Colleague: 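Here's a structure for you.
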Amino acid sequence: MNSKITAETVRGMKGRGEKIAALTAYDFPMAKLLDEASIPLILVGDSLGMVVLGHPDTTRVTMAEMEHHVRAAARARPRALLGADLPFKSCDTIEGAVENSRRLVSAGAEFVKAEGGRAILPQIRAILSAGVPFCGHLGMLPQHVLEEGGYHVKGKNEQEHQELLADARALADAGAFAIVLELVTPPVAREISQAVAVPTLGIGSGEGCDGQILVTTDLLGLSPDRIPRHVKMNFNLADRIRAALAEWKQTV
Ligand code: KIV
């Protein structure tokens, strides 16, 4: 079956018990490679800021930068569902959320993702009413790194546990087709995955999620900073590139 993958296809994978393997891409060649590997969901994440643009976190990524990279990835015309992050502060108002989602769709995104649950529910409803498929993002929210003073695991106490559960239910009820769970304690991530009908995509949240999403440069060992602990495979392409460069230099 080679038909185009839609948000509905991804949503339906949960019912069929198919695990969802999702990855990020920020440009044409990587989007093409992921698509050739039959990755069903490709995200132009705002991790772009750190792994491509050299910023310390995601809070400096602009809409113009997201549009630029979404356009590049979309030129791969993937069979995969291609989505994009709404960057820092682009979703603060209802009008802004809709306008910026439309801009990302014009650039080639087939869904948008934003960080937050009930706190941004009016924006999410407006995005969905504008006809743009929406993916939620709960748990550790990288765009809040400065307020929170770091990247902290979520769901460790009863209050966080209940809030995550309520946020996930609210996102699913509002019509999100999937929910990313980032750095959520594995038992809470599993409970959320069982509680909602839409697929959860875990990142550092254990195996109880309906799928996993990773930053591709982390998976391949190409990220400039330390590779997060939840990345278990060790491909270390950076070392292979260093060796290739040194070998070529010897030939000059
Ligand atoms: O920005 C990003 O890459 C993400 C991750 C969940 C993959 O949001």
Side-chain angles (χ1 to χ4, degrees), residues 10 20-27 30-31 34 39-63 65-70 72-73 80-91 100-101 104 107 109-117 120 124 133-146 148 151-154 164 167-168 171 176-184 189 192-193 198-206 209-220 222-233:
V10 172
I20 303 161
L23 286 168
T24 62
Y26 314 96
D27 57 25
M30 189 56 81
L34 299 189
I39 298 296
L41 186 152
I42 301 175
L43 174 73
V44 183
D46 61 354
S47 48
L48 167 76
M50 284 116 82
V51 301
V52 175
L53 302 180
H55 291 308
D57 56 54
T58 60
T59 63
R60 301 189 199 183
V61 177
T62 65
M63 268 302 296
E65 287 165 343
M66 287 303 301
E67 285 173 290
H68 178 81
H69 287 270
V70 170
L81 178 68
L82 179 74
D85 269 337
L86 280 158
F88 191 58
K89 297 237 165 274
S90 66
C91 191
N100 289 321
S101 297
L104 292 172
E110 296 161 324
F111 73 89
V112 298
K113 171 167 86 57
E115 296 179 6
I120 59 162
I124 295 169
F134 182 82
C135 177
H137 187 151
L138 298 175
M140 190 282 286
L141 306 179
Q143 291 176 10
H144 292 245
V145 63
L146 300 178
E148 298 199 356
Y151 301 109
H152 305 296
V153 174
K154 293 295 161 84
L164 283 166
D167 280 336
L171 289 178
F177 75 92
I179 304 171
V180 168
L181 297 179
E182 182 156 8
L183 295 189
V184 173
I192 292 172
S193 306
V198 300
T200 57
L201 301 173
I203 173 162
S205 300
C209 298
D210 302 300
Q212 300 291 330
I213 184 163
L214 280 183
V215 171
T216 302
T217 54
D218 288 347
L219 174 66
L220 299 180
L222 278 176
S223 292
D225 292 328
R226 196 177 54 83
I227 305 297
R229 247 181 310 175
H230 57 257
V231 179
K232 301 285 182 243
M233 305 197 76

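Computed from a predicted model, the values in this text were never measured in an experiment. Both counts, for ligands and for their atoms, begin at 1 and track the order of listing.
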Colleague: With a 4.0 Å heavy-atom cut-off, what residues sit around ligand 1?
Modeller: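 Correct list: T24, L43, G45, D46, S47, D85, K113, H137, V180, I213, V215.
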
Colleague: Where do H230 and L183 land on the side chain to side chain contact (heavy atoms under 4.5 Å, CB included) test, with the steps shown first?
Modeller: CA-CA 9 Å; H230 57 257; L183 295 189; 4.0 Å; yes

Colleague: Report yes if the side chains of V231 and L214 come closer than 4.5 Å at any heavy-atom pair, otherwise no.
Modeller: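 V231 vs L214: side chains touch.
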
Colleague: Is a side-chain donor or acceptor of S47 paired with a backbone partner of V215 at a separation under 3.5 angstrom?
Modeller: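 The answer is no, because no donor-acceptor pair under 3.5 Å joins these two groups.
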
Colleague: Are the side chains of D57 and Q143 in touch, meaning some heavy atoms are under 4.5 Å apart?
Modeller: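 D57 vs Q143: side chains apart.
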
Colleague: For the side chain to side chain contact (heavy atoms under 4.5 Å, CB included) test, which of L219, I227, L220, D225 pairs with S223?
Modeller: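 That would be I227.
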
Colleague: Grab the two heavy atoms, one from Q212 and one from G202, that are nearest each other, plus how far apart they are.
Modeller: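 Residues Q212 and G202, closest heavy atoms: OE1-O, 3.0 Å.
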
